[in-house]
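To keep things clear, I will list the structure first and then write my remarks on it.
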Amino acid sequence: MRRLRNRLAGALLSVLALSLTATGCGGSSEAAPGGGGSTSSPAGASVANRVEPLAPGPEPRLPVTVPSADGERVTVQAAERIVPLSGSLSEIVFTLGLGDRVVARDVTATFEQAAKLPVVTRGHDVSAESVLSLRPDLVLAETTSGPEEAVDQIRAAGVPVLFVGAAGGLDDVGPRIQAVAGALGVPAAGEELTRRSEQRIEAVRKGVPHGEKPRVAFLYLRGSASVYLIGGKDSGAGSLIEAAGAVDAGAASGLAKDFTAITSEALVKAAPDAILVMSKGLESVGGVDGLVKIPGVAQTPAGMDRRIVSVEDGVLLNYGPRTDQVLKSVVAQLYGEDGAE
């Protein structure tokens with residue numbers, strides 16, 4: 001069953017990883033090019049390309065035995081050579097203050113402190129040989145990490161593999177941080193980082209303008225692969241959109257699946273006032289000028305107003321320690337610097 005779930009859940013991540021590779025990796029803090037009239041992030045709205053580690057860094061107290069999200073219990077004897085299999089998990093380890101112990105990264109770990117680490121996995125494409133060549137004493141994996149055979153090979157070599165529950169919304173920020181911190185033997189640091197992250201998210205939420213809620217549709221775009229999808233109830237963007245004081249237009253229009261192929265009919269029914277995209281996805285279709293040429297987009301209020309919100313691929317749906325910055329960026333772009341819609 002886990003193999004089937006991993007393949008289904010990892011399909012979208014695979015497309016993302018391949019397109020990030022083709023475009024030189026995501027995470028650029030620059031506004032996506034799009035010709036005349038393209039939107040760009042207001043000053044201060046971009047997500048910082050660095051993480052902010054706790055100081056001083058904690059000292060792991062090991063060994064520990066902790067539950068893994070795949071139902072196993074994992075004993076961690078040491079955490080001197082850590083390999084996180086996603087950018088989100090890398091971000092947590094570095095922000096806990098243990099980045100000097102990370103020896104490799106996923107292609108989606110685009111923040112500055114991790115940039116020089118060797119890439120051993122690309123989303124759902126884990127190379128067991130590359131991981132094992134680095135002699136890790138702990139591998140951190142998403143429940144979508146795979147293929148399963150590669151993960152099994154790593155475990156068979158005697159390396160502990162801890163699976164962390166997938167990030168699906170704002171409520172997952174704390175549990176994911178604490179799961180990683182527990183496995184690293186720094187539970188107190190995990191609680192501290194959880195408090196800091198949640199306080200910062202709440203501070204941004206308090207600044208969201210009140211009034212009529214704009215409808216925001218999350219579009220997943222990969223022009224090079226001809227992938228054009230609109231997010232529905234389980235896209236992962238819903239809680240972020242709602243925290244920004246908006247309505248998830250895809251979910252509100254009745255799209256129950258995570259993603260559905262874009263059609264003119266679906267867009268008209270969703271009737272978004274704004275469109276949320278990943279920055280590399282926007283670039284892949286030729287910026288805002290190219291986006292409005294996708295059938296149906298120009299007929300929406302968002303397309304007519306060219307009201308586009310873009311956030312770096314490597315952080316938009318991570319739901320990690322930089323989520324407050326992601327939310328701040330979305331709010332600033334959605335309402336403008338003056339806070340008016």
Side-chain angles (χ1 to χ4, degrees), residues 12 15-49 87 107-108 110 214-231 235-237 240-241 244 246 248-250 259-264 266-268 270-318 325-337 341:
L12 192 61
V15 174
L16 171 59
L18 289 171
S19 45
L20 283 173
T21 305
T23 54
C25 294
S28 169
S29 61
E30 298 177 0
S38 299
T39 61
S40 59
S41 300
S46 294
V47 178
N49 196 36
V107 71
T108 59
T110 56
R215 295 173 63 88
V216 177
F218 174 43
L219 302 188
Y220 182 87
L221 311 170
R222 285 297 176 259
S224 58
S226 298
V227 175
Y228 310 102
L229 306 173
I230 179 171
S235 72
L240 183 67
I241 291 171
D248 184 340
F259 289 93
T260 302
I262 290 176
T263 63
S264 297
L267 286 171
V268 168
D273 299 303
I275 290 172
L276 172 65
V277 293
M278 295 179 178
S279 58
K280 289 297 179 182
L282 185 60
E283 290 177 13
S284 77
V285 297
V288 177
D289 287 341
L291 175 58
V292 297
K293 293 177 182 177
I294 294 175
V297 172
Q299 287 69 51
T300 66
M304 288 186 281
D305 294 339
R306 299 170 69 88
R307 194 175 179 190
I308 313 301
V309 176
S310 67
V311 178
E312 292 84 347
D313 301 48
V315 294
L316 178 58
L317 300 181
N318 271 5
Q325 296 181 44
V326 174
L327 181 57
K328 182 178 180 181
S329 177
V330 171
V331 170
Q333 294 179 73
L334 185 58
Y335 300 100
E337 293 181 278
E341 230 190 288

Partner residues of Ala246 under the side-chain contact (heavy atoms from CB on, under 4.5 Å) criterion, sequence neighbours left out: Pro214, Val216, Ile241, Leu334
Side chains of Thr300 and Val268 in contact at under 4.5 Å (non-hydrogen atoms): no
Nearest atoms (heavy-atom pairs only) where Met304 meets Ala298: CG-O, 3.2 Å
Tyr335 side-chain N/O to Val330 backbone N/O, donor-acceptor pair under 3.5 Å: no
Check: Ser310 and Gln333 side chains under 4.5 Å, non-hydrogen atoms: yes
Derivation of the side chain to side chain contact (heavy atoms under 4.5 Å, CB included) call for Ile275 and Val297: CA-CA 9 Å; Ile275 290 172; Val297 172; 3.9 Å; yes
Stepwise side chain to side chain contact (heavy atoms under 4.5 Å, CB included) check, Leu221 with Ile262: CA-CA 10 Å; Leu221 311 170; Ile262 290 176; 4.2 Å; yes
Gln325/Glu312 under side chain to side chain contact (heavy atoms under 4.5 Å, CB included): CA gap, chis, key distance, verdict: CA-CA 11 Å; Gln325 296 181 44; Glu312 292 84 347; over 6 Å; no
Minimum heavy-atom distance Leu327-Ala244, with the two atoms named: CD1-N, 3.8 Å
Intermediate values then yes/no, side chain to side chain contact (heavy atoms under 4.5 Å, CB included), Val315 and Val311: CA-CA 8 Å; Val315 294; Val311 178; 4.0 Å; yes
Heavy-atom closest contact (Val292 atom, Gly303 atom, distance): CG1-O, 4.0 Å
Residues in side-chain contact (heavy atoms from CB on, under 4.5 Å) contact with Ala270, at least two apart in sequence or another chain: Ile230, Ala249, Ser253, Pro272
Backbone of Gly250 reached by a side-chain donor or acceptor of Asp248 within 3.5 Å: yes
Close side-chain approach of Thr260 and Leu229, heavy atoms under 4.5 Å: no
Residues forming a side-chain contact (heavy atoms from CB on, under 4.5 Å) with Ser264, sequence neighbours excluded: Pro295
Side chain to side chain, Tyr228 and Val285, heavy atoms closer than 4.5 Å: yes
Test item: Asp313 side-chain N/O and Lys280 main-chain N/O as donor-acceptor pair under 3.5 Å: yes
Distance-only side-chain donor-acceptor flag, Thr110 / Asn49, under 3.5 Å: no
Heavy-atom side-chain proximity of Leu276 to Leu219 below 4.5 angstrom: no
Salt bridge flag under 4.0 Å for residues Arg306 and Asp289: yes
Side chain to side chain donor-acceptor pair (under 3.5 Å) partners of Asn318, counting only residues at least two apart: Glu91
Side chain proximity check, Phe218 to Leu316, heavy atoms < 4.5 angstrom: yes
